[in-house]
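Please read the structure below before turning to the comments.
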Amino acid sequence: MSFRVFNSLTRRKEIFTPREPGRVRMYNCGPTVYNRQHIGNFRSFLFADLLRRWLEYLGLEVSQVMNITDVGHLTDDADMDGEDKIEAQARREKIDPQKIADGYAELFLADVRELGVLAPMAYPRATDHIPEMLEIINGLIEKGHAYEKAGNVYFDVTTFPRYGRLSGNKVEDLEAGKRVEVREDKRHPADFALWKADPKHLMKWDSRFGPDGFPGWHIECSAMARKLLGDELDIHTGGEDNVFPHHECEIAQSECFTGVTFARFWMHAKFLTVDGGKMSKSLGNVYTLDDVKERGYQPRALRYALMRGHYRQPLNFTWEILEESRAALEKLDDLAHRLRLSCAGTGAAADADEGSAAVDSAQKSFEDGLNDDLNMPQALASLFELRSTALEGSLGTAAAQRAMAFLKKANSVVGVIKLEEDTLDARVHELIAARVHARETQDWAASDRIRDELNELDVVVQDTPDGTIWRKKG
RNA sequence: GGCGGCAUAGCCAAGUGGCUAAGGCGACGGAUUGCAAAUCCGUUAUCCCCGGUUCGAGUCCGGGUGCCGCCUCCA
């Protein structure tokens, strides 16, 4: 079965194939680093990570790029008085805007690492690509797709008939829209800025348009994608809120400049809501990874919570859901643990191949699920079905080894399961041995006391017919 | 005002028109256990409403209702 993805551009599921056989060029819209990234941002980044991991599972080489936008967008594209987000934050913190951006970029990288996101080929920064942006801007002016007015450069949307194809917006409707304020130096209200001039701006670059310029919002992605991946991408991803205007504008800029299709597949993750609605500072529910950790949850619990639903379905976050995720994850850890034991012969069925068919069927279901536009719920369900099989004691050693190999492969995609054997220090080993001895002599008081002690050390003991087994919590 | 999405059990969440509607979390009853934990067995769904198409609809079509997101920096 081949990998089918929902292409936002055509609004249909299509079979994915890279332009160059065996190699995928993928660009993921990353963060604007004027603030700490929140769990909503992570949903989109984890989606990109899942996609990359699945493509690699399928044996494709993935050239993946995720931008870090470290020059702020105007808070209001149509209003020159609108404040740049990074500069606004810099004023609040009274330090240099580049330091703000660099600081938050570091936090972003640390967060994402903790969430188990695999590093892409590159995390390019906007401020390192000003010449590449200007090259495109100049080219667009030469080709008549852009025009300059007093140091500001705008893209002329009327020169690109496909403008609006991705988002389903019509230029006429945008014109009628109440939210787009008309700026008198724009030819058309929907024209968007490629380059802006403002002497008061702190981050600025010299160019033929004047000494006080800085890039408009969308141009950095076009420039960095082109530089690192070439003119034609296979996949471009982002959050659904990027569809318009950001991605629409990227397509216009890039395609008018290069004359070829910018990206063949566009994939967008649905929005994350918190407590049933958009998160907001006033509600105090803009959660960061630190909030998750402060409540005693491992980052992987958040990874699980944000990935267990389908990426195109709305997802709501609550602390109850995170708790549910933690509990489910514990079961998957336990599956890995049981499989290790079965591989070693403990509790394994007499026939070494007993249960092989169930393992194969779980693997097929896992692969079919993810091949169907990354159906993660189905993929996860297959792992729990494998667990049921393993717990029925119906796996032989050979089947268990096969199951373990599959689980490792599966975890290369989901990236949340604790596969390796926990290590215990000598003290814990002694306690476990002492408890086994106490039980043999039916000294229940001592046995229970040691069990409590082990619990304090986050070790859970379980007495099974095959003897006492243990595992670490969490 | 324009565009898009969603509605399946107490909660979360799959579901190419066709076998008894996956899976997870939780709850309850029983088994097991020195007590637990884990596990096993069982119970927990008029698929938002009303029409229509069809031999057959959770699934397709039309109309409601409710919720969410985008159109402004936003993943």
Side-chain angles (χ1 to χ4, degrees), chain A residues 4 8 11 13 28-32 34-35 37-48 69 72-79 82-86 88 164 167-170 172-181 190 217 237-246 248 268-273 276-279 304-305 308-310 312-316 318 320-321 323-332 334 338 365 369 372 375-385 387-388 391-393 439 442-445 447-448 451-452 455 460-465 468-471:
Chain A
R4 295 169 70 238
S8 304
R11 294 174 179 78
K13 280 187 196 174
N28 310 123
C29 264
T32 301
Y34 61 87
N35 221 327
Q37 297 299 297
H38 53 65
I39 56 175
N41 300 112
F42 294 141
R43 181 181 197 191
S44 162
F45 305 151
L46 285 169
F47 154 65
T69 294
H73 317 141
L74 288 178
T75 50
D76 184 345
D77 190 43
D79 182 356
E83 204 170 14
D84 180 303
K85 286 236 172 182
I86 289 174
S167 61
N169 286 321
K170 294 190 181 74
E172 310 87 71
D173 294 336
L174 291 172
E175 188 173 13
K178 297 172 174 139
R179 309 189 75 165
V180 180
E181 268 183 59
W217 177 24
T237 74
E240 65 167 340
D241 54 323
N242 282 148
V243 172
F244 190 89
H246 189 51
E248 197 75 76
H268 294 96
K270 264 271 178 302
F271 223 73
L272 178 79
T273 56
K278 193 171 179 173
M279 60 184 122
Y304 186 91
R308 66 176 190 160
H310 190 271
R312 279 194 297 115
Q313 289 294 114
L315 182 66
N316 187 44
T318 62
E320 289 69 29
I321 287 168
E323 174 56 26
E324 221 178 80
S325 297
R326 190 201 55 73
L329 215 40
E330 211 166 81
K331 300 287 174 75
L332 291 178
D334 184 58
R338 304 278 182 145
S365 174
D372 184 14
N375 187 337
M376 191 56 124
Q378 179 180 329
L380 290 173
S382 75
L383 298 183
F384 283 99
E385 273 155 25
R387 179 164 185 269
S388 301
L391 290 175
E392 282 160 16
R439 292 187 73 241
Q442 303 205 342
D443 183 352
W444 310 126
S447 165
D448 291 350
R451 182 167 63 200
D452 291 343
N455 257 310
V460 181
V461 283
Q462 297 168 20
D463 304 315
T464 74
T468 297
I469 63 171
W470 55 268
R471 64 185 170 83

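For the numbers below, each heavy atom of this structure counts, side chains included, while hydrogens, waters and symmetry mates do not. All of these numbers come straight from a predicted model, not from anything done at the bench. Per chain, numbering begins at 1; letters A, B, ... match sequence-line order.
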Checklist entry - What distance, rounded to whole Å, do you find between the two C1' atoms, one in B:rU33 and one in B:rC47? => result 40 Å

Item to check | Which residues share a side-chain hydrogen bond (donor to acceptor under 3.5 Å, both in side chains) with A:Thr237, sequence neighbours left out | outcome: A:Asn28

Checklist entry - Would a 4.5 Å heavy-atom cut-off, applied to side chains only, mark A:Val460 and A:Arg451 as touching? => result no

Next on the checklist: Using a 4.0 Å heavy-atom cut-off, does A:Gln313 contact any base of the nucleic acid, only the sugar-phosphate backbone, or nothing at all?
Outcome noted: sugar-phosphate

Next on the checklist: Would you measure the distance from the C1' atom in B:rA36 across to the matching atom in B:rG24 and give it in whole Å?
Outcome noted: 24 Å

Next on the checklist: Counting only side-chain nitrogens and oxygens, does A:Arg312 get under 4.0 Å of the OP1 or OP2 atom of B:rG4?
Outcome noted: no

Next on the checklist: Looking at A:Glu324 and A:Arg308, is any side-chain nitrogen of the basic one under 4.0 Å from a carboxylate oxygen of the acidic one?
Outcome noted: yes

Next on the checklist: Reading RNA chain B from 5' onward, which residue's closest nucleotide shows up sooner: A:Glu323 or A:His310?
Outcome noted: A:His310

Checklist entry - In the 5'-to-3' direction, what one-character label does each nucleotide of nucleotides 28-37 of chain B receive under the scheme B = base within less than 4.0 Å of a protein heavy atom, S = sugar-phosphate only, - = no such atom? => result ------BBBB

Next on the checklist: Just to verify, what does A:Ala269 make a side-chain contact (heavy atoms from CB on, under 4.5 Å) with, not counting sequence neighbours?
Outcome noted: A:Phe47

Checklist outcome for this item: side-chain hydrogen bond (donor to acceptor under 3.5 Å, both in side chains) filter on A:Asn375, not counting sequence neighbours, yields none

Next on the checklist: Checking the side chain of A:Ser447 only, and the main-chain atoms of A:Asp443 only, is there a donor and an acceptor separated by less than 3.5 Å?
Outcome noted: no

Item to check | Who pairs with B:rC67 - Watson-Crick or G-U, where each distance is under 3.5 Å | outcome: B:rG5

Item to check | Partner set under salt bridge (charged side-chain N to carboxylate O under 4.0 Å, His left out) for A:Glu323, not counting sequence neighbours | outcome: A:Arg326

Checklist entry - On a whole-Å scale, what distance lies between the C1' atoms belonging to B:rU44 and B:rA21? => result 15 Å

Checklist entry - For A:Val243, what residues pass the side-chain contact (heavy atoms from CB on, under 4.5 Å) criterion, not counting sequence neighbours? => result A:Leu166, A:Ser167, A:His268

Item to check | Pair assignment for B:rG42, Watson-Crick or G-U wobble, requiring both distances under 3.5 Å | outcome: B:rC28

Item to check | C1'-based separation of B:rC55 from B:rG15 [nearest Å] | outcome: 23 Å

Checklist entry - What is the distance from CD of A:Glu330 to P of B:rU39, rounded to the nearest Å? => result 10 Å

Next on the checklist: Under 4.0 Å, counting only non-hydrogen atoms across every strand here, what does A:Ile469 touch: a base, just sugar-phosphate, or nothing?
Outcome noted: nothing

Checklist entry - Separation of A:Lys13 atom NZ from B:rU16 atom P, in whole Å? => result 7 Å

Next on the checklist: Whole angstroms only, please: what is the CZ-C1' distance between A:Arg338 and B:rC40?
Outcome noted: 12 Å

Checklist entry - Which value, in whole Å, describes the distance between the P atoms of nucleotides B:rU46 and B:rC41? => result 24 Å

Checklist entry - Distance between the P atoms of B:rA27 and B:rA37, in whole angstroms? => result 11 Å

Checklist entry - Pick the nucleotide of RNA chain B nearest each of A:Ser325 and A:Gly168; which residue has the one closer to the 5' end? => result A:Gly168

Item to check | A:Leu332 CG to B:rA38 P, straight-line distance once rounded to whole Å | outcome: 16 Å

Between the protein and nucleotides 20-24 of chain B, which nitrogen or oxygen pairs are less than 3.5 angstrom apart?
| from | atom 1 | to | atom 2 | distance (Å) |
| --- | --- | --- | --- | --- |
| B:rA22 | O2' | A:Glu385 | OE2 | 3.3 |
| B:rG24 | N2 | A:Glu324 | OE1 | 2.8 |
| B:rG24 | N2 | A:Glu324 | OE2 | 3.3 |

Next on the checklist: In whole Å, I'd like the distance from the CZ atom of A:Arg43 to the P atom of B:rG5.
Outcome noted: 16 Å

Checklist entry - Paired with B:rA14: which nucleotide, if any, by Watson-Crick or G-U wobble criteria at under 3.5 Å for both distances? => result none

Next on the checklist: How many whole angstroms separate atom CZ of A:Arg326 from atom C1' of B:rC12?
Outcome noted: 16 Å

Checklist outcome for this item: Taken in chain and number order and not counting sequence neighbours, the residues that satisfy side-chain hydrogen bond (donor to acceptor under 3.5 Å, both in side chains) with A:Ser388 are none

Item to check | Donor-acceptor contact below 3.5 Å, side chain A:Asn316 vs main chain A:Gly276 | outcome: yes

Checklist entry - Excluding sequence neighbours, so at least two apart, what forms side-chain contact (heavy atoms from CB on, under 4.5 Å) with A:Asp241? => result A:Phe271

Checklist entry - Taking atom P of B:rC70 as reference, at what distance in whole Å does atom CG of A:Leu272 sit? => result 12 Å

Item to check | Residues in side-chain contact (heavy atoms from CB on, under 4.5 Å) contact with A:His246, at least two apart in sequence or another chain | outcome: A:Cys29, A:Trp217, A:His218, A:Glu220, A:Cys221, A:Asn242, A:Glu250

Next on the checklist: Using atom P in both nucleotides, what's the gap between B:rG63 and B:rG2 to the nearest angstrom?
Outcome noted: 15 Å

Next on the checklist: For a quick check of understanding: with a heavy-atom distance under 4.0 Å over all strands, which category does A:Gly238 fall into, base, sugar-phosphate or nothing?
Outcome noted: sugar-phosphate

Pairs: protein N or O with nucleotides 66-69 of chain B N or O, under 3.5 Å:
| from | atom 1 | to | atom 2 | distance (Å) |
| --- | --- | --- | --- | --- |
| B:rG69 | OP1 | A:Lys278 | N | 2.7 |
| B:rG69 | O2' | A:Glu240 | OE2 | 3.3 |

Item to check | Value in whole Å for how far the C1' atom of B:rC6 lies from NZ of A:Lys270 | outcome: 8 Å

Checklist outcome for this item: For A:Glu385, the side-chain hydrogen bond (donor to acceptor under 3.5 Å, both in side chains) test, sequence neighbours excluded, returns none

Next on the checklist: Taking B:rU65 as the reference, what is the distance to B:rG29 when you measure between their C1' atoms (whole Å, please)?
Outcome noted: 39 Å

Checklist entry - Applying a 3.5 Å limit to both distances, which nucleotide forms a Watson-Crick or G-U wobble pair with B:rA57? => result none

